[in-house]
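This report concerns only the one structure given below.
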Amino acid sequence: MRTPASAQLEGVLARSARDLLALASELHVLAVDIPIGLADRGRRACDHEARKLLGWPRCQSVFPAPVRPALSARSRRQASRITSRVDGRRVGAQAWALYPKIREMDAALRSASPGLRRKIFEIHPEVSFWAWNRERPMAESKKTPAGRSARLRLVRARFGHRAYDFVREAFLRKDVADDDILDAFAALWTAERIFCRQARTLPARPPRDAMDLTMAITY
């Protein structure tokens, strides 16, 4: 999702990480809800801090990013075996479900130019909503009617009463779920903060991984 110079919303559905990065050449900032930098061992500081910031139960939405040695695993069992060997942890089903997208984004970023990389920032929707909601975690899950309504109120107050509906009408629900659109608005809100140099990061001084990718959640 983006706001061109005309300040009109535009919804775009990218089918792959490479397609998404291709869009970045036209943008000042690209905020993505996917882990970027990956630790060789241990939990990323940004994930730990995000869970602590959100508290229970919103912290459950922050899944541990893979350790880099396990990223190439072709089964959950293999990923768990590698992760256990280097880190003493297993890989849960929900975390494993994210591996293909993380692997795809990692490959695209590693082949991207340094200039393109500098435009791309990792965000987490619930961390963005926390900041957007006056630094308070959202009370309800985005999957519930109350949680959806609370997030929708923030979207409409910032981007206009018809903004969500405009994007919702552009895509089939089988392709884009309601909560995906709300998460995209959280990414857009954060991208605007990045562009205006108002954004902050978890942690405040982000480390880089072995591939020189920043390990941070920006909000």
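Although no hydrogens or angles enter the test, the distance criterion places no donor-acceptor pair under 3.5 Å between the side chain of Ser84 and the main chain of Arg81. Checking side-chain atoms of Ser80 against main-chain N and O of Val91 turns up a donor-acceptor pair under 3.5 Å. Here the side chain of Ser111 pairs a donor or acceptor atom with the backbone of Ala108 at under 3.5 angstrom. A donor-acceptor contact shorter than 3.5 Å links the side chain of Asp209 to the backbone of Leu38. Side chain of Gln60 to main chain of Pro57: a donor-acceptor pair is present (N/O by atom type, distance under 3.5 Å, no hydrogens or angles). At distances below 3.5 Å, not a single donor-acceptor pair connects side-chain atoms of Asp33 with backbone N or O atoms of His124.
Ion pairing of Glu192 with Arg197 is absent here, as no side-chain N (NZ or NE/NH1/NH2) approaches a carboxylate O to less than 4.0 Å. The residues Asp179 and Lys142 are annotated as salt-bridged, a charged nitrogen and a carboxylate oxygen being separated by less than 4.0 angstrom. Using a cut-off of 4.0 Å between Lys/Arg side-chain N and Asp/Glu carboxylate O, Asp106 and Arg68 are scored as salt-bridged. For the pair Asp165 and Arg168, the salt-bridge criterion is not met [side-chain N within less than 4.0 Å of a carboxylate O]. Ion pair Glu26/Lys119 not flagged as a salt bridge, since none of the NZ, NE, NH1 or NH2 atoms sits closer than 4.0 Å to an Asp/Glu carboxylate oxygen. In this structure, Arg148 does not pair ionically with Glu140, as no charged nitrogen and carboxylate oxygen lie closer than 4.0 Å.
In this structure, Val86 belongs to a hydrophobic cluster whose other members, linked by side-chain heavy atoms under 4.5 Å apart, are Val67.
Atom CD of Gln78 sits in a crowded spot, with more than 12 heavy atoms from other residues, nucleotides or ligands closer than 6.0 Å. For Arg118, the CZ atom counts as loosely surrounded, since its 6.0 Å shell holds 12 or fewer non-hydrogen atoms of other residues, nucleotides or ligands. More than 12 heavy atoms of other residues, nucleotides or ligands lie within 6.0 Å of CZ in Arg136, so this atom counts as buried by the packing criterion.
Of all heavy-atom pairs spanning Ala39 and Met215, the tightest one is N-SD, 3.6 Å. Looking at every heavy atom in both residues, Leu116 comes nearest to Ala24 through CD1-CB, 3.5 Å. When every heavy atom of Arg103 is checked against every heavy atom of Ala73, the shortest pair comes out as NH2-O, 3.0 Å. Scanning both residues, Arg156 and His161, for their nearest heavy atoms gives NE-O, 3.3 Å. Taking both residues in full, the closest heavy atoms of Ile36 and Glu122 are given as N-OE1, 3.1 Å, listed atom of the first, atom of the second, then distance. Nearest heavy-atom pair, Met138 versus Ala150, reported as atom, atom and distance to 0.1 Å: CE-CB, 3.7 Å.
No side-chain heavy atom of Asp180 sits less than 4.5 Å from a side-chain heavy atom of Phe171. In this structure, the side chains of Arg90 and Arg77 stay at 4.5 Å or more apart for every pair of heavy atoms. Trp130 is listed as a side-chain neighbour of Leu53, based on a closest heavy-atom distance under 4.5 Å. Residues Ser113 and Arg117 are not in side-chain contact: their nearest non-hydrogen atoms beyond the backbone lie 4.5 Å or more apart. Looking at heavy atoms from C-beta onward, Leu21 lies in side-chain contact with Leu109 at the 4.5 angstrom threshold. With contacts defined as side-chain heavy-atom distances shorter than 4.5 Å, the pair Arg58/Ser141 qualifies. The shortest side-chain heavy-atom distance between Thr190 and Ile194 falls under the 4.5 Å cut-off. Contact annotation: the side chain of Arg193 never approaches that of Cys196 to less than 4.5 Å [non-hydrogen atoms, C-beta and beyond].
Applying the side-chain contact (heavy atoms from CB on, under 4.5 Å) test between Cys46 and each of Ile217, Thr218, Val127 identifies Ile217 as the sole match.
Val29 and Leu27 fall into different hydrophobic clusters, defined by Ile, Leu, Val, Met, Phe, Trp and Tyr side-chain heavy atoms under 4.5 Å apart, directly or through other members. Under a hydrophobic clustering in which Ile, Leu, Val, Met, Phe, Trp and Tyr are joined whenever their side-chain heavy atoms come within less than 4.5 Å, directly or via other members, Met105 and Met211 fall into the same cluster. In this structure, Leu202 is not a member of the same hydrophobic cluster as Ile34, with clusters built from ILVMFWY side-chain heavy atoms closer than 4.5 Å. Hydrophobic clustering (side-chain heavy atoms under 4.5 Å, transitive across Ile, Leu, Val, Met, Phe, Trp, Tyr) keeps Ile102 apart from Phe121. The hydrophobic clustering, which links ILVMFWY residues whose side-chain heavy atoms are closer than 4.5 Å, places Ile123 and Leu98 apart.
With a 6.0 Å cutoff to the six-membered ring centre and a 45° limit on the axis angle, Arg151 counts as a cation-pi contact of Phe129.
Taking the six-membered ring where the residue is Trp, Trp189 and Trp132 present parallel rings, their angle staying beneath 30° rather than reaching 60°.
Here Leu154 contributes atom CG and Phe185 contributes atom CZ; the two are 12.0 Å apart, rounded to the nearest 0.5 Å. How far CG of Leu9 is from OH of Tyr164: 13.5 Å, rounded to the nearest 0.5 Å. Summarising the geometry, atom CG belonging to Leu30 is positioned 10.5 Å from atom OG belonging to Ser25; distances are rounded to the nearest 0.5 Å. We find the OG-CG distance between Ser128 and Leu182 to be 12.5 Å, quoted to the nearest 0.5 Å. For the atom pair Asp212 CG and Arg110 CZ, the distance stands at 12.0 Å (nearest 0.5 Å).
Residues passing the salt bridge (charged side-chain N to carboxylate O under 4.0 Å, His left out) test with Lys174: none are found, sequence neighbours excluded.
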**Item:** salt bridge (Lys or Arg N to Asp or Glu O under 4.0 Å) assessment of Arg43 paired with Glu49
**Value:** CA-CA 10 Å; Arg43 297 180 185 271; Glu49 291 194 19; over 6 Å; no

**Derivation of the side-chain contact (heavy atoms from CB on, under 4.5 Å) call for Arg162 and Glu169** = CA-CA 10 Å; Arg162 280 281 302 160; Glu169 291 162 7; 3.2 Å; yes

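For the residue pair Thr83 and Arg89, no side-chain donor N or O sits within less than 3.5 Å of a side-chain acceptor on the partner.
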